[in-house]
Every structure is written in C-alpha cells, then in structure tokens.
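As the structure lists them, so they are numbered: ligands from 1, and atoms in each ligand from 1.
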Amino acid sequence: MNDIFLRACRGEKTLPVPVWFMRQAGRYLPQYQEIRGKADFLTMCKTPELAAEVTLQPVDLLGVDAAILFSDILIPLEAMGAELAFKEGRGPVITPPVRSWDEFSALHSIDPIKDVPFVLDTIKLLRKELSGKVPLIGFAGAPFTLATYLIEGGTTKSFVNIKKMLFSQPDLFRAVMNLITDVTISYLSAQIDAGAQAIQLFDTWGGILTRQDFRDGALVYARRIFNSLREKGVPMIYFVYDGGHLLDFVRLSGADVIALDWRTDIEKALVPLGKDAVVQGNLDPCLLFLPEERLRERIAEILRQGLLARAHIFNLGHGVLPEIPPEKVKLAIDIIHELSS
Ligand code: CP3
C-alpha cells in the first residue's frame with residue numbers, strides 16, 4: 001500500500017512527500033457535479049454508496065496519497081438535535097441558533113452507531129473499496145468551530161453571538177463546549193473503530209480569537225479530544241485556519257501533525273512549533289491559478305521549507321475552490337511528487 005502519508009504523519013521524511021488536498025472531493029470536479037446534480041449535499045453525505053464514490057474520485061483522478069471521508073463537520077450537530085440545512089448561496093443554516101440554556105437543553109449526546117450509522121458505513125465501504133491503495137482520513141470539526149455554527153446559526157462575519165456568550169454567559173459557553181467535546185470524542189472514536197486510519201480536527205474559526213481566549217475557550221477542548229483519542233494509535237492532525245498568532249499554543253494541543261494555512265511560512269511556523277514538528281500545508285489554493293512555471297516555483301519553495309520540519313505532508317492552506325480548473329489541481333499534485341522524488 002502507498003503508506004507515505006501515514007509514515008510522514010509519524011515523523012518520517014518520505015520520498016516523495018505525500019500530498020492530499022482539503023476539499024479534494026467537491027464542486028470543482030465535473031464528476032462530483034454529475035452526482036451532485038442528482039442528489040443534494042446532505043443526501044450525498046447520508047448515502048454511503050454516493051459518499052464513498054465521491055471520496056474515491058480524487059484518488060482515481062488526481063493520484064493523491066490519502067483519501068478523506070466525504071462528509072461535513074456539521075453532521076454531528078444535526079445528530080445532537082439541531083436542525084441543519086444547506087441553503088444554495090447561503091451555506092449552512094442551523095435552526096434555532098443556541099443562545100440560551102433552554103435552547104441548549106434541547107441538545108443531547110450521541111451514540112454514533114445509532115445516530116450517524118451512514119458515516120461509519122461509508123468508512124467501512126471505503127476501506128473495502130480502497131483495499132489498501134491509500135489510507136483513509138476521518139475528521140470532525142473542533143469544538144470552537146462547531147459551537148460557532150451552533151450559536152451563530154450559520155456563517156457569520158462578526159462572530160458577535162459566540163463572543164457574547166463566551167464573555168457574558170461563560171457557564172453556558174462551557175456547557176456547550178463540553179457537550180460538543182464529548183460528542184466529538186465518541187464520533188471520532190467510532191470513525192477510527194470503523195476504519196479511519198488518521199483523523200483531522202478542523203478549527204476553521206479558532207483564529208478569530210485573541211491568544212488568551214483561544215487558549216482558554218478553544219484549545220483546552222481540542223486538547224481533551226487529542227488526549228482522549230491518543231490511545232487509539234492513529235495519527236491526529238490539527239488545523240487552525242488563520243492561526244498564525246496561536247502556533248505556540250497549537251503546539252500544546254497534543255496533535256501529531258500541525259496543519260498550516262498559507263499566511264504563515266512553514267519556516268516561520270517552525271519557530272513557535274519547534275523543529276521537531278510534523279507540518280502539513282500550505283499552498284494558497286488561489287496559487288493554482290498561476291501558469292505552470294510559476295506554480296512550480298511556488299511548490300518548490302514550500303517543499304524546501306517542509307524539509308526544515310521533522311516531516312512534511314503537502315496540502316493547500318485551505319480547501320480547493322470550485323473555480324479552480326481540475327487540470328491545475330492534477331498538475332500541482334504531479335509537480336509535488338516529481339519535485340520531491
Ligand atoms: O475535504 C474533503 O474533500 C472532505 C469533505 C469535507 C467537506 N466539508 C465537504 C463539503 C470536509 C472535510 C468539510 C469540512 C468543513 N465543512 C469545514 C472545515 C474546513 C473549512 O473549509 O474550513 C467547514 C467550515 C464546513 C462547513 C461547510 N460545509 C460550509 C461553510 C459549506 C458551504 C460552503 C460551500 O463551499 O458551499 C459546506 C458545504 C460543503 N462541504 C460542500 C462540500 C463538498 C459543498 C456542498 C455542495 O454544494 O456540493
């Protein structure tokens with residue numbers, strides 16, 4: 001099996017450097033659009049045959065070194081009793097937003113086997129279909145990011161409702177965070193038991209916080225997840241988007257791999273992270289619009305910096321955008337493999 005991704009996660013410098021891309025399955029691929037034309041996004045997530053099929057598309061079409069489960073970080077919120085919808089052009093919407101003890105009391109813990117069987121069935125199906133070709137990554141949202149969607153009721157620019165709760169109702173904030181943390185531990189644990197060979201925790205909104213508030217209001221919960229799952233023995237990746245100012249705290253999370261967005265050069269990130277860190281990242285997805293020669297230079301520079309870390313897994317600094325031509329995504333993956341062989 002192609003195990004360069006797992007070996008790099010464990011701290012080995014590999015030839016070539018492994019590569020996978022966040023949102024490698026998605027709307028930029030015509031093959032995804034074809035299936036998406038027949039089923040809405042949540043139906044795709046909840047139908048193991050469809051979710052497995054789109055998970056495998058980038059493995060077959062692009063030659064990535066890892067597959068990532070096709071699902072969404074918001075799936076467990078629905079299982080906890082929140083109403084979740086994806087509205088065209090508006091992104092996810094949660095009703096009602098959770099802003100009081102009353103609304104909180106309508107939420108409950110989950111039993112993954114009963115409440116999200118489709119996720120576990122997708123993983124089992126994928127392990128069969130991948131038959132060892134590349135490893136399968138499972139994932140979840142980090143508690144602070146999930147709490148943001150739950151409390152804001154969807155996407156936000158100001159984050160005023162979650163910050164208001166953090167500062168004016170700290171007991172309620174802690175109760176929400178602890179419930180989400182417990183749910184996430186059992187959710188990821190069930191994914192690993194079903195066959196996920198690594199896991200990534202996505203903290204898309206952790207970076208909106210000051211250092212102190214990230215440490216006390218986000219990191220402690222992410223840390224509890226990594227500490228609880230360590231005994232499972234699979235590599236754990238932590239991605240804090242826009243978290244350049246937080247890296248000395250992120251280092252304390254207990255994750256095996258730290259994923260970086262494009263704002264912080266790997267070389268600079270290794271100062272707060274330490275040279276023994278294993279890093280993942282960090283090409284700006286929009287650099288995929290560059291002409292080939294310029295793209296090659298930018299990839300070479302990231303590979304050069306990656307060599308300064310204990311080990312490096314190549315990725316984008318955020319997800320592939322729907323506007324990016326699939327040929328460019330494939331080209332980037334080929335260049336990464338060629339230059340690091
Ligand atoms: O990376 C992968 O290929 C695996 C699948 C995956 C999706 N979402 C599929 C998806 C993963 C790992 C996610 C994580 C996710 N979901 C995050 C964290 C990562 C990040 O992007 O910062 C967040 C914040 C979400 C929440 C979410 N899901 C939003 C805000 C949206 C709407 C925005 C958009 O791009 O439409 C989604 C929808 C979503 N999740 C799509 C996909 C393929 C698009 C669905 C479609 O319309 O076909």
- prompt: Which bit of Q200 is near ligand 1, meaning a heavy atom under 4.0 Å away: side chain, backbone, both or neither?
  reply: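 It is neither; nothing of Q200 touches ligand 1.
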
Indicate yes or no: does an N/O atom of [X] lie under 3.5 Å from an N/O atom of ligand 1?
X    : value
Y149 : no
T204 : yes
R23  : yes
E88  : no

Give the atoms of ligand 1, by number and element, whose distance to some non-hydrogen atom of [X] is under 4.0 Å.
X   : result
Y32 : 43 (C), 45 (C), 46 (C), 48 (O)
M22 : 1 (O)
L69 : 4 (C), 5 (C)

message: Does atom CZ (R10) have a neighbourhood of more than 12 heavy atoms from anything else shown, all under 6.0 Å?
response: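 For R10, atom CZ is crowded (more than 12 foreign heavy atoms under 6.0 Å).
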
task: Take atom CD of E34 as the centre, draw a 6.0 Å sphere, and report whether it contains more than 12 heavy atoms from other residues, nucleotides or ligands.
output: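 Result for CD/E34: open.
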
Ignoring hydrogens, just give me the one of [options] whose non-hydrogen atom is nearest [atom].
atom                    : options              : result
atom 9 (C) of ligand 1  : G319, A140, S71, G26 : S71
atom 12 (C) of ligand 1 : F139, F21, F86       : F139
atom 30 (C) of ligand 1 : G91, A25, P92        : P92
atom 26 (C) of ligand 1 : D72, D203, L146, V54 : D72

Tell me which protein heavy atom sits closest to [atom], plus the residue, atom name and distance to 0.1 Å.
atom                    : value
atom 14 (C) of ligand 1 : I73 CG2, 3.7 Å
atom 47 (O) of ligand 1 : R36 NH2, 3.1 Å
atom 35 (O) of ligand 1 : R27 NH2, 2.6 Å
atom 19 (C) of ligand 1 : F202 CD2, 3.4 Å
atom 42 (C) of ligand 1 : F41 CE1, 3.5 Å

query: So, E301 and R296, do they make that salt bridge, N to O below 4.0 Å?
result: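 No salt bridge links E301 with R296.
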
Could you tell me whether the side chain of [X] and the main chain of [Y] form a donor-acceptor pair under 3.5 Å?
X   : Y    : answer
N2  : I4   : yes
D40 : T43  : yes
Q33 : R27  : yes
K13 : L307 : yes

message: Can you confirm whether the side chains of W101 and Q169 place a donor and an acceptor under 3.5 Å from each other?
response: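 Distance-only check fails for W101 and Q169.
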
message: Side chains of Q57 and E53: any donor to acceptor distance under 3.5 Å?
response: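 No pair is found: no donor N or O on one side chain lies under 3.5 Å from an acceptor on the other.
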
field: Criterion side chain to side chain donor-acceptor pair (under 3.5 Å) on R224 and N178, from CA distance to verdict
entry: CA-CA 10 Å; R224 182 148 78 77; N178 275 318; 3.0 Å; yes

